[in-house]
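For reference, the structure discussed in these notes is given below.
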Amino acid sequence: MKYTGRTALVTGASSGIGAAFARELAARGCTLVLVARREDRLRALAHELEGDHPIKAYAVPADLSRPQAVAEVRAETDKLDLRVDMLVNNAGFATYGPFETIDPIRDRDQVMVNVAAAVALTHVYLPGMVERRDGAVINISSAGAFQPMPYQAVYAASKAFIQSFSEALWAENRDRGVRVVACCPAATDTEYFEVLGNEEEARFGAKRPPSGVVHAALHALERNRLSVVVGLPWKLTALVPRLLPRGTVARLSERTTRPKQ
(Lines give C-alpha, C1' and ligand atoms only; values in the text may rest on other atoms or scores of the structure.)
Protein backbone atom coordinates (compact mmCIF):
# COMPACT_ATOMS: atom_id res chain seq x y z
CA MET A 1 0.00 0.00 0.00
CA LYS A 2 1.14 3.51 -0.81
CA TYR A 3 0.04 6.24 1.59
CA THR A 4 2.12 9.33 0.79
CA GLY A 5 0.21 11.88 -1.23
CA ARG A 6 -3.11 10.05 -0.96
CA THR A 7 -6.30 11.31 0.64
CA ALA A 8 -8.06 9.38 3.39
CA LEU A 9 -11.54 10.18 4.71
CA VAL A 10 -12.09 9.01 8.29
CA THR A 11 -15.50 9.11 9.99
CA GLY A 12 -15.84 9.27 13.75
CA ALA A 13 -12.48 11.04 13.69
CA SER A 14 -12.93 13.25 16.75
CA SER A 15 -11.82 10.57 19.24
CA GLY A 16 -10.96 6.92 19.81
CA ILE A 17 -10.23 4.64 16.89
CA GLY A 18 -11.05 7.35 14.33
CA ALA A 19 -8.54 9.80 15.83
CA ALA A 20 -5.96 7.00 16.01
CA PHE A 21 -6.50 6.27 12.30
CA ALA A 22 -6.07 9.95 11.51
CA ARG A 23 -2.79 10.19 13.42
CA GLU A 24 -1.35 7.01 11.89
CA LEU A 25 -2.36 7.89 8.32
CA ALA A 26 -1.00 11.43 8.72
CA ALA A 27 2.31 9.95 9.89
CA ARG A 28 2.32 7.85 6.71
CA GLY A 29 1.84 10.93 4.53
CA CYS A 30 -1.90 10.99 3.83
CA THR A 31 -4.03 14.07 3.38
CA LEU A 32 -6.89 13.73 5.87
CA VAL A 33 -10.60 14.50 5.67
CA LEU A 34 -11.89 14.29 9.24
CA VAL A 35 -15.63 13.73 9.69
CA ALA A 36 -17.51 13.77 13.01
CA ARG A 37 -20.15 15.74 14.90
CA ARG A 38 -17.85 17.70 17.23
CA GLU A 39 -16.37 20.54 15.20
CA ASP A 40 -14.11 21.85 17.97
CA ARG A 41 -12.39 18.49 18.38
CA LEU A 42 -12.07 18.00 14.63
CA ARG A 43 -10.42 21.37 14.14
CA ALA A 44 -8.08 20.79 17.07
CA LEU A 45 -7.07 17.41 15.61
CA ALA A 46 -6.59 18.88 12.12
CA HIS A 47 -4.36 21.60 13.62
CA GLU A 48 -2.37 18.96 15.54
CA LEU A 49 -1.84 16.79 12.47
CA GLU A 50 -0.72 19.68 10.29
CA GLY A 51 1.70 20.77 13.01
CA ASP A 52 3.19 17.30 13.41
CA HIS A 53 3.37 16.23 9.75
CA PRO A 54 3.82 17.87 6.30
CA ILE A 55 0.23 17.12 5.29
CA LYS A 56 -3.13 18.88 5.01
CA ALA A 57 -6.04 17.94 7.26
CA TYR A 58 -9.59 19.17 6.68
CA ALA A 59 -12.30 19.20 9.34
CA VAL A 60 -15.75 18.39 7.94
CA PRO A 61 -18.35 18.49 10.74
CA ALA A 62 -21.32 16.20 10.05
CA ASP A 63 -23.89 14.32 12.09
CA LEU A 64 -24.14 11.04 10.19
CA SER A 65 -27.46 10.17 11.82
CA ARG A 66 -29.03 12.86 9.58
CA PRO A 67 -30.17 11.58 6.15
CA GLN A 68 -28.60 14.54 4.33
CA ALA A 69 -25.21 14.31 6.08
CA VAL A 70 -23.46 12.14 3.48
CA ALA A 71 -24.49 14.48 0.65
CA GLU A 72 -23.05 17.37 2.67
CA VAL A 73 -19.75 15.51 3.15
CA ARG A 74 -19.58 14.78 -0.57
CA ALA A 75 -20.29 18.42 -1.40
CA GLU A 76 -17.43 19.48 0.86
CA THR A 77 -14.88 17.10 -0.67
CA ASP A 78 -16.01 18.21 -4.15
CA LYS A 79 -15.63 21.85 -3.09
CA LEU A 80 -12.11 21.15 -1.82
CA ASP A 81 -11.38 19.25 -5.07
CA LEU A 82 -10.23 16.20 -3.12
CA ARG A 83 -10.02 12.71 -4.58
CA VAL A 84 -10.66 10.23 -1.79
CA ASP A 85 -8.32 7.25 -2.15
CA MET A 86 -9.08 5.60 1.20
CA LEU A 87 -12.38 5.51 3.08
CA VAL A 88 -12.42 4.54 6.76
CA ASN A 89 -16.00 3.91 7.90
CA ASN A 90 -15.37 4.07 11.63
CA ALA A 91 -18.25 6.13 13.07
CA GLY A 92 -20.60 4.14 15.25
CA PHE A 93 -22.14 3.72 18.67
CA ALA A 94 -24.25 1.24 20.64
CA THR A 95 -27.16 1.05 23.05
CA TYR A 96 -27.44 -1.35 25.99
CA GLY A 97 -30.33 -2.94 27.85
CA PRO A 98 -33.53 -4.91 27.18
CA PHE A 99 -34.76 -3.90 23.74
CA GLU A 100 -38.12 -2.55 24.91
CA THR A 101 -36.39 -0.13 27.32
CA ILE A 102 -34.27 1.59 24.68
CA ASP A 103 -35.31 4.88 23.07
CA PRO A 104 -36.50 4.02 19.52
CA ILE A 105 -35.01 7.26 18.17
CA ARG A 106 -31.64 6.31 19.62
CA ASP A 107 -31.78 2.94 17.88
CA ARG A 108 -32.83 4.59 14.62
CA ASP A 109 -29.83 6.92 14.85
CA GLN A 110 -27.62 3.91 15.58
CA VAL A 111 -28.72 2.20 12.37
CA MET A 112 -28.23 5.43 10.41
CA VAL A 113 -24.67 5.92 11.69
CA ASN A 114 -23.48 2.31 11.86
CA VAL A 115 -25.08 1.06 8.64
CA ALA A 116 -26.73 3.63 6.37
CA ALA A 117 -23.93 6.21 6.47
CA ALA A 118 -21.26 3.58 5.80
CA VAL A 119 -23.17 2.25 2.78
CA ALA A 120 -23.89 5.74 1.45
CA LEU A 121 -20.28 6.94 1.81
CA THR A 122 -19.07 3.79 0.06
CA HIS A 123 -21.50 4.52 -2.78
CA VAL A 124 -20.00 8.01 -3.05
CA TYR A 125 -16.30 7.16 -3.07
CA LEU A 126 -15.92 3.54 -4.22
CA PRO A 127 -16.85 4.16 -7.90
CA GLY A 128 -13.89 6.53 -8.34
CA MET A 129 -11.55 3.95 -6.81
CA VAL A 130 -12.88 1.27 -9.17
CA GLU A 131 -12.47 3.59 -12.15
CA ARG A 132 -8.85 4.32 -11.14
CA ARG A 133 -8.30 0.66 -10.20
CA ASP A 134 -6.76 1.88 -6.98
CA GLY A 135 -8.14 2.52 -3.50
CA ALA A 136 -9.10 1.09 -0.15
CA VAL A 137 -12.11 0.83 2.13
CA ILE A 138 -11.73 -0.04 5.81
CA ASN A 139 -14.96 -0.80 7.65
CA ILE A 140 -14.88 -1.01 11.44
CA SER A 141 -16.93 -4.06 12.29
CA SER A 142 -16.77 -5.76 15.70
CA ALA A 143 -15.91 -9.02 17.38
CA GLY A 144 -19.64 -8.96 18.17
CA ALA A 145 -20.50 -9.30 14.48
CA PHE A 146 -20.27 -13.08 14.55
CA GLN A 147 -23.07 -13.82 17.02
CA PRO A 148 -26.24 -12.15 18.28
CA MET A 149 -25.72 -9.97 21.36
CA PRO A 150 -28.84 -9.77 23.50
CA TYR A 151 -29.09 -6.39 25.26
CA GLN A 152 -26.98 -4.91 22.45
CA ALA A 153 -29.25 -6.36 19.79
CA VAL A 154 -29.19 -3.50 17.29
CA TYR A 155 -25.47 -2.90 17.64
CA ALA A 156 -24.50 -6.53 16.96
CA ALA A 157 -26.97 -6.69 14.06
CA SER A 158 -25.48 -3.52 12.57
CA LYS A 159 -21.98 -4.98 12.80
CA ALA A 160 -23.13 -8.28 11.28
CA PHE A 161 -24.40 -6.19 8.37
CA ILE A 162 -21.07 -4.37 8.07
CA GLN A 163 -19.19 -7.67 8.19
CA SER A 164 -21.25 -9.24 5.40
CA PHE A 165 -21.19 -5.99 3.39
CA SER A 166 -17.40 -5.79 3.63
CA GLU A 167 -16.84 -9.41 2.68
CA ALA A 168 -19.06 -9.03 -0.39
CA LEU A 169 -17.24 -5.87 -1.49
CA TRP A 170 -13.88 -7.59 -0.97
CA ALA A 171 -14.96 -10.38 -3.32
CA GLU A 172 -16.32 -7.95 -5.91
CA ASN A 173 -13.18 -5.82 -5.97
CA ARG A 174 -10.30 -8.19 -5.27
CA ASP A 175 -9.27 -8.21 -8.96
CA ARG A 176 -10.04 -4.54 -9.60
CA GLY A 177 -7.27 -2.87 -7.61
CA VAL A 178 -9.48 -1.87 -4.66
CA ARG A 179 -8.88 -3.41 -1.25
CA VAL A 180 -11.65 -3.84 1.31
CA VAL A 181 -11.17 -5.05 4.86
CA ALA A 182 -13.45 -5.41 7.87
CA CYS A 183 -11.64 -4.76 11.15
CA CYS A 184 -13.27 -6.47 14.14
CA PRO A 185 -12.08 -5.10 17.49
CA ALA A 186 -13.40 -6.16 20.88
CA ALA A 187 -13.34 -3.82 23.91
CA THR A 188 -11.23 -0.78 23.04
CA ASP A 189 -10.18 2.17 25.20
CA THR A 190 -12.50 4.77 23.64
CA GLU A 191 -15.62 6.75 24.53
CA TYR A 192 -17.76 3.81 23.36
CA PHE A 193 -18.64 2.73 26.89
CA GLU A 194 -19.34 6.30 28.02
CA VAL A 195 -21.92 6.60 25.25
CA LEU A 196 -23.22 3.11 26.02
CA GLY A 197 -23.74 4.12 29.64
CA ASN A 198 -22.79 0.83 31.32
CA GLU A 199 -19.17 -0.26 31.00
CA GLU A 200 -19.09 -2.65 33.95
CA GLU A 201 -21.83 -4.91 32.59
CA ALA A 202 -21.29 -4.47 28.86
CA ARG A 203 -17.52 -4.88 28.62
CA PHE A 204 -15.88 -8.28 28.21
CA GLY A 205 -12.14 -8.49 28.81
CA ALA A 206 -9.48 -5.81 29.08
CA LYS A 207 -9.70 -2.80 26.81
CA ARG A 208 -7.12 -2.51 24.04
CA PRO A 209 -5.55 0.77 22.88
CA PRO A 210 -7.04 2.26 19.68
CA SER A 211 -3.58 2.31 18.07
CA GLY A 212 -3.50 -1.50 18.20
CA VAL A 213 -6.77 -1.67 16.27
CA VAL A 214 -5.40 0.70 13.62
CA HIS A 215 -2.18 -1.27 13.18
CA ALA A 216 -4.13 -4.54 12.85
CA ALA A 217 -6.46 -3.00 10.24
CA LEU A 218 -3.63 -1.56 8.13
CA HIS A 219 -1.64 -4.79 8.40
CA ALA A 220 -4.64 -6.71 7.06
CA LEU A 221 -5.24 -4.11 4.35
CA GLU A 222 -1.66 -4.29 3.14
CA ARG A 223 -2.04 -8.05 2.74
CA ASN A 224 -5.42 -7.70 1.01
CA ARG A 225 -7.14 -9.78 3.67
CA LEU A 226 -10.88 -10.10 3.93
CA SER A 227 -11.09 -9.20 7.62
CA VAL A 228 -9.16 -9.18 10.87
CA VAL A 229 -10.33 -9.91 14.41
CA VAL A 230 -8.14 -8.03 16.87
CA GLY A 231 -6.80 -10.20 19.69
CA LEU A 232 -6.27 -13.97 19.86
CA PRO A 233 -9.06 -14.70 22.40
CA TRP A 234 -11.54 -12.89 20.19
CA LYS A 235 -10.39 -14.78 17.09
CA LEU A 236 -11.50 -17.94 18.88
CA THR A 237 -14.73 -16.27 20.01
CA ALA A 238 -15.50 -15.39 16.40
CA LEU A 239 -14.89 -18.96 15.27
CA VAL A 240 -16.95 -20.86 17.87
CA PRO A 241 -20.41 -19.48 16.84
CA ARG A 242 -19.88 -20.94 13.36
CA LEU A 243 -19.61 -24.42 14.85
CA LEU A 244 -22.69 -24.40 17.11
CA PRO A 245 -26.45 -24.26 16.41
CA ARG A 246 -27.76 -20.72 16.24
CA GLY A 247 -30.17 -21.25 19.12
CA THR A 248 -27.36 -22.47 21.34
CA VAL A 249 -25.22 -19.46 20.45
CA ALA A 250 -28.08 -17.05 21.18
CA ARG A 251 -28.79 -18.63 24.58
CA LEU A 252 -25.13 -18.63 25.60
CA SER A 253 -24.75 -15.03 24.48
CA GLU A 254 -27.83 -13.99 26.48
CA ARG A 255 -26.44 -15.51 29.64
CA THR A 256 -23.13 -13.75 29.12
CA THR A 257 -24.56 -10.32 28.33
CA ARG A 258 -27.56 -10.30 30.71
CA PRO A 259 -27.65 -7.18 32.92
CA LYS A 260 -26.76 -8.00 36.50
CA GLN A 261 -29.43 -5.70 37.89
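The figures here come from the full heavy-atom set of this structure, side chains too, leaving out hydrogens, waters and symmetry mates. Nothing here was measured: the structure is a model prediction, and the numbers come from that model.
- When all heavy atoms of Leu34 and Ala22 are compared, the pair lying nearest together is CD2-CB, 3.7 Å.
- Note that NE2 of His53 and CG of Leu25 are 10.0 Å apart. Values are rounded to the nearest 0.5 Å.
- If you check the side chains of His219 and Arg223, you find a donor sitting under 3.5 Å from an acceptor.
- In this structure the side chain of Tyr58 never reaches within 4.5 angstrom of the side chain of Leu32, judged on heavy atoms.
- Looking only at distances, no side-chain donor or acceptor of Ser164 sits under 3.5 Å from a matching main-chain atom of Phe161.
- Looking only at distances, a side-chain donor or acceptor of Lys159 sits under 3.5 Å from a matching main-chain atom of Ile140.
- The shortest distance between side-chain heavy atoms of Phe21 and Pro210 does not fall below 4.5 Å.
- Residues Tyr125 and Val115 share a hydrophobic cluster, clusters being chains of Ile/Leu/Val/Met/Phe/Trp/Tyr side chains in contact below 4.5 Å.
- The line from OH of Tyr151 to OG1 of Thr101 is 10.0 Å long, rounded to the nearest 0.5 Å.
- Residue Met149 holds its CE atom at 9.0 Å from OH of Tyr96, rounded to the nearest 0.5 Å.
- Judged by distance alone, the side chain of Glu24 and the main-chain N or O of Val214 form no donor-acceptor pair under 3.5 Å.
- Looking only at distances, a side-chain donor or acceptor of Ser166 sits under 3.5 Å from a matching main-chain atom of Ile162.
- Nearest approach of Ser158 to Tyr155, heavy atoms of both residues: OG-O, 2.6 Å.
- Side-chain contact between Met86 and Leu221 is present, with heavy atoms from C-beta onward closer than 4.5 Å.
- Salt bridge annotation for Glu48-Arg23: present, with a cationic side-chain nitrogen under 4.0 angstrom from a carboxylate oxygen.
- Residues Arg28 and Glu222 are paired through a salt bridge, judged by an N-O separation under 4.0 Å between the basic side chain and the carboxylate.
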Between Arg6 and Asp134, does a salt bridge (Lys or Arg N to Asp or Glu O under 4.0 Å) hold up when you go through it step by step? CA-CA 11 Å; Arg6 297 193 173 190; Asp134 183 45; 3.0 Å; yes

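- A cation-pi arrangement is present between Arg106 and Phe93 under the rule of less than 6.0 angstrom and at most 45 degrees off the ring axis.
- Under the 4.5 Å side-chain heavy-atom criterion for Ile, Leu, Val, Met, Phe, Trp and Tyr, Ile102 and Val111 are members of distinct hydrophobic clusters.
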Worked verdict on Glu72 versus Gln68 for side chain to side chain donor-acceptor pair (under 3.5 Å): CA-CA 6 Å; Glu72 293 169 358; Gln68 64 269 39; 4.6 Å; no

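- Panel note: side chain Trp170, backbone Phe165; no donor-acceptor pair is recorded below 3.5 Å.
- Contact record, Ala220 with Val181: CB-CG2, 3.8 Å, taken as the closest heavy-atom pair.
- To the nearest 0.5 Å, the span separating CE on Met112 from CG on Asp63 amounts to 9.5 Å.
- Residues Leu126 and Asn173 form a side-chain contact, since some pair of their non-hydrogen atoms from C-beta on lies under 4.5 Å apart.
- Across all non-hydrogen atoms, the minimal contact from Val10 to Gly18 is CG1-O, 3.6 Å.
- Under the 4.5 Å side-chain criterion, counting only non-hydrogen atoms from C-beta, Leu45 is in contact with Leu49.
- Between Ser14 and Glu39 there is no side-chain heavy-atom pair separated by less than 4.5 Å.
- For Asn139 and Ser141, the side-chain atoms include no donor-acceptor pair closer than 3.5 Å.
- Across all non-hydrogen atoms, the minimal contact from Leu64 to Ala91 is CD1-CB, 3.9 Å.
- Residue Val178 comes nearest to Ala136 through the heavy atom pair CG1-N, 4.4 Å, listed as atom of the first residue, atom of the second, then distance.
- The shortest distance between side-chain heavy atoms of Phe99 and Pro150 does not fall below 4.5 Å.
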Would you sort out whether Cys183 and Val213 count as a side chain to side chain contact (heavy atoms under 4.5 Å, CB included), showing the intermediate values? CA-CA 8 Å; Cys183 179; Val213 175; 3.7 Å; yes

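- Under a 3.5 Å cut-off, the side chain of Glu50 and the backbone N or O of Ala57 do form a donor-acceptor pair.
- Between Asn89 and Leu87 the shortest side-chain heavy-atom distance falls below 4.5 Å.
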List the steps, then state whether side chain to side chain contact (heavy atoms under 4.5 Å, CB included) holds for Ser142 with Gln163. CA-CA 8 Å; Ser142 169; Gln163 189 68 29; over 6 Å; no

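- Of the listed residues (Val35, Thr11, Val137), just one forms a side chain to side chain contact (heavy atoms under 4.5 Å, CB included) with Leu121, and that residue is Thr11.
- When atom types are taken as modelled, the side chain of Gln152 and the backbone of Pro148 share no donor-acceptor pair closer than 3.5 angstrom.
- At a threshold of 4.0 Å, the pair Asp175-Arg133 does not count as salt-bridged, since none of the basic side-chain nitrogens sits closer than that to a carboxylate oxygen.
- Note: Asp103 CG to Gln110 CD = 11.5 Å, rounded to the nearest 0.5 Å.
- To the nearest 0.5 Å, atom CE of residue Met129 and atom OG1 of residue Thr122 are 8.0 Å apart.
- Salt-bridge formation is detected for the pair Arg83/Asp85: a Lys NZ or Arg NE/NH1/NH2 atom is positioned less than 4.0 Å from an Asp or Glu carboxylate oxygen.
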